[in-house]
S.K.: 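Provided herewith is a single structure, encoded as C-alpha cells, for subsequent inquiry.
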Amino acid sequence: MFSKCGKRMKTGSLTEIVKPGQRISREFYMRDVLDVAPDLIGKNLVVRHNDGNCFRYHLTEVEAYRGTEDKACHASKGKTSRTSVMFGNGGHLYVYLIYGMYWMLNIVTGTAGEPQAALIRGIDDICGPGRITKKLGIDRSFYGEDLVTSERIWLEETGMKPCFKTGPRIGIEYAGAHWKSVPWRYFC
DNA sequence: TCAGTGATTAGG
DNA sequence: CTAATCACTGAG
C-alpha cells in the first residue's frame with residue numbers, strides 16, 4: 001500500500017482520499033486494529049502545546065491489542081472504569097498509568113462493542129511508550145480525548161508509507177503462549 | 001539484574 | 001479494607 005497526495009488508496013476496508021497534512025478522520029480508526037495498527041506507521045502525531053506551538057512526530061512503532069479474547073488486552077477482563085473507552089468507537093485515546101510512573105498512550109480502534117487499541121511504542125528516534133508520553137506531556141487528562149476533534153492532539157496524513165517489520169508484542173509474559181507470540185507489533 | 005512507584009482491580 | 005499486578009525505565 002502506498003499513498004500519495006490526492007491519490008485514491010485502499011487501506012483495509014477503507015477507501016479514502018488522502019492528502020499530506022490532512023487530519024485523519026473517524027473512518028480510519030473505526031476499522032479492525034489489525035488493519036489500523038500497521039497503517040499508523042508513518043503517520044504524523046501532532047501535539048499542540050499550551051503556547052500554541054505544534055510539534056509533529058512520525059509514528060515508528062505500534063502494537064495491536066484486540067478484543068476480549070486477547071489475553072494481553074486489558075479488555076480481556078471485561079469493561080472496567082479504566083478500560084471503558086476501549087469499548088467505544090475508534091479515534092479516542094486510551095491513556096493509563098503503569099508502574100506508578102509511566103503513562104501509556106493508546107489509540108482506540110474499531111466500533112463500539114469491540115474493544116481494541118493500538119499502543120504507541122515509537123516516534124521518530126524515541127523508543128519506548130513511557131519515554132514518548134514524558135516527552136510529549138501526555139497524562140491522565142488525555143484519557144478519552146478524540147483525535148478527530150481535539151485541539152491539542154491529532155494524527156495527520158504524511159503521504160508516505162515506510163517499510164516496517166512485525167514481531168511479538170513486548171512485556172506481556174502473563175498472556176500465555178499463544179497471545180504472547182502473535183506478531184502484532186509493527187516497527188520500522 | 002532490579003528497584004521505583006501508585007492507580008487499578010479482585011476479593012474479603 | 002487488603003494485597004497483587006503491571007502493554008516500563010534507568011541505574012549498576
Side-chain angles (χ1 to χ4, degrees), chain A residues 28-43 45 47 55 57-147 150 153-155 162 164-188:
Chain A
F28 176 89
Y29 303 107
M30 287 185 65
R31 297 172 298 143
D32 192 282
V33 69
L34 297 184
D35 292 321
V36 178
D39 282 354
L40 285 171
I41 303 295
K43 296 285 189 287
L45 176 62
V47 177
F55 290 87
Y57 309 89
H58 285 97
L59 298 186
T60 56
E61 184 175 352
V62 165
E63 279 177 358
Y65 290 86
R66 186 175 187 272
T68 53
E69 283 193 354
D70 178 4
K71 293 294 187 231
C73 180
H74 291 169
S76 64
K77 292 174 182 169
K79 189 176 180 178
T80 66
S81 59
R82 181 180 63 154
T83 63
S84 63
V85 71
M86 269 201 290
F87 289 76
N89 282 330
H92 299 262
L93 295 184
Y94 169 43
V95 178
Y96 68 93
L97 186 69
I98 191 164
Y99 297 112
M101 284 179 254
Y102 306 106
W103 295 101
M104 299 289 102
L105 173 61
N106 296 256
I107 298 172
V108 175
T109 66
T111 57
E114 49 178 18
Q116 310 179 335
L119 170 68
I120 305 305
R121 268 194 172 282
I123 54 171
D124 293 331
D125 55 337
I126 306 172
C127 300
R131 292 177 188 159
I132 290 171
T133 53
K134 184 178 179 185
K135 163 107 179 169
L136 272 51
I138 304 294
D139 61 15
R140 178 83 232 222
S141 72
F142 283 80
Y143 184 93
E145 194 88 359
D146 188 355
L147 292 176
S150 176
I153 188 167
W154 62 91
L155 256 55
F164 63 88
K165 312 177 189 74
T166 63
R169 294 170 293 179
I170 307 290
I172 53 165
E173 295 306 305
Y174 60 87
H178 174 69
W179 298 107
K180 201 168 65 174
S181 66
V182 290
W184 291 355
R185 172 176 172 238
Y186 309 87
F187 57 104
C188 293

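Protein chains get the first letters and strands the later ones, always in sequence-line order, with residue 1 at the start of each. Note that these values count all heavy atoms, side chains included, but never hydrogens, waters or copies made by symmetry.
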S.K.: Is the shortest side-chain N to carboxylate O distance from A:Asp70 to A:Arg169 below 4.0 Å?
M.R.: yes
S.K.: Can you tell me which nucleotide in C:dA7, C:dG10, B:dA7 comes closest to the side chain of A:Leu119?
M.R.: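 The closest nucleotide is C:dA7.
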S.K.: Does A:Thr80 place a side-chain N or O at less than 4.0 Å from the phosphate oxygens OP1/OP2 of B:dT8?
M.R.: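 Negative; the distance criterion is not met.
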S.K.: Could you check which of C:dC8, B:dA7, B:dT5 has an atom nearest any side-chain atom of A:Met101?
M.R.: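 The answer is B:dT5.
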S.K.: Whole-Å distance between C:dA7 C1' and A:Glu61 CD?
M.R.: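 A:Glu61 atom CD is separated from C:dA7 atom C1' by 11 Å.
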S.K.: Tell me the interatomic distance from A:Tyr102, atom OH, to C:dT5, atom C1', rounded to whole angstroms.
M.R.: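 My rounded result for the distance is 17 Å.
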S.K.: Between the side chain of A:Thr133 and the main-chain N/O of A:Trp103, is any donor-acceptor distance below 3.5 Å?
M.R.: yes
S.K.: Using whole Å, report how far OH of A:Tyr96 lies from C1' of C:dC6.
M.R.: 8 Å
S.K.: Starting at CE of A:Met86 and ending at C1' of B:dT8, how long is that distance when rounded to a whole Å?
M.R.: 13 Å
S.K.: I'd like to check, for A:Tyr99, whether its ring lies over the base of B:dG6 with centroids under 5.5 Å apart and a plane angle smaller than 30°.
M.R.: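 Taking the rule of under 5.5 Å and under 30°, the ring of A:Tyr99 does not stack on B:dG6.
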S.K.: Rounded to the nearest angstrom, tell me the gap between atom NZ in A:Lys77 and atom P in B:dG11.
M.R.: 10 Å
S.K.: Is the shortest side-chain heavy-atom distance between A:Arg66 and A:Trp184 below 4.5 Å?
M.R.: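 The answer is yes; the side chains approach within 4.5 Å.
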S.K.: Suppose we define a pair by two distances each less than 3.5 Å, Watson-Crick or G-U wobble; what does C:dT5 pair with here?
M.R.: B:dA7
S.K.: Does C:dC8 have OP1 or OP2 sitting under 4.0 Å from an N or O in the side chain of A:Arg121?
M.R.: yes
S.K.: Select one nucleotide: of B:dG6, B:dT8, C:dA7, the one nearest the side-chain heavy atoms of A:Arg140.
M.R.: B:dT8
S.K.: Mind calculating the distance between CG (A:Asp70) and P (C:dA7) to the nearest angstrom?
M.R.: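 A:Asp70 atom CG is separated from C:dA7 atom P by 11 Å.
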S.K.: Among C:dA7, B:dT5, C:dG10, find the nucleotide with the atom closest to the side chain of A:Ile172.
M.R.: C:dA7
S.K.: For the side chain of A:Asp139 and the backbone of A:Ser141, is there at least one donor-acceptor N/O pair under 3.5 Å apart?
M.R.: yes
S.K.: Distance check needed: C:dT9 P versus A:Lys135 NZ, whole Å only.
M.R.: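 Roughly 15 Å, once rounded to whole Å.
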S.K.: Find the distance A:Leu105:CG to C:dC8:C1' and express it as a whole number of Å.
M.R.: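 Distance, rounded to whole Å: 14 Å.
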S.K.: How would you label the contact of A:Arg82 with the nucleic acid (heavy atoms, under 4.0 Å): base, sugar-phosphate, or nothing?
M.R.: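 Counting heavy atoms under 4.0 Å across all strands, the contact made by A:Arg82 is with sugar-phosphate only.
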S.K.: Return the nearest nucleotide to the side chain of A:Arg131; candidates are C:dC8, C:dT9, B:dT9.
M.R.: C:dT9
S.K.: Under 3.5 Å, side chain of A:Ser150 to main-chain N/O of A:Ile153, donor-acceptor pair present?
M.R.: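 Pair found, side chain donor or acceptor close to backbone of A:Ile153.
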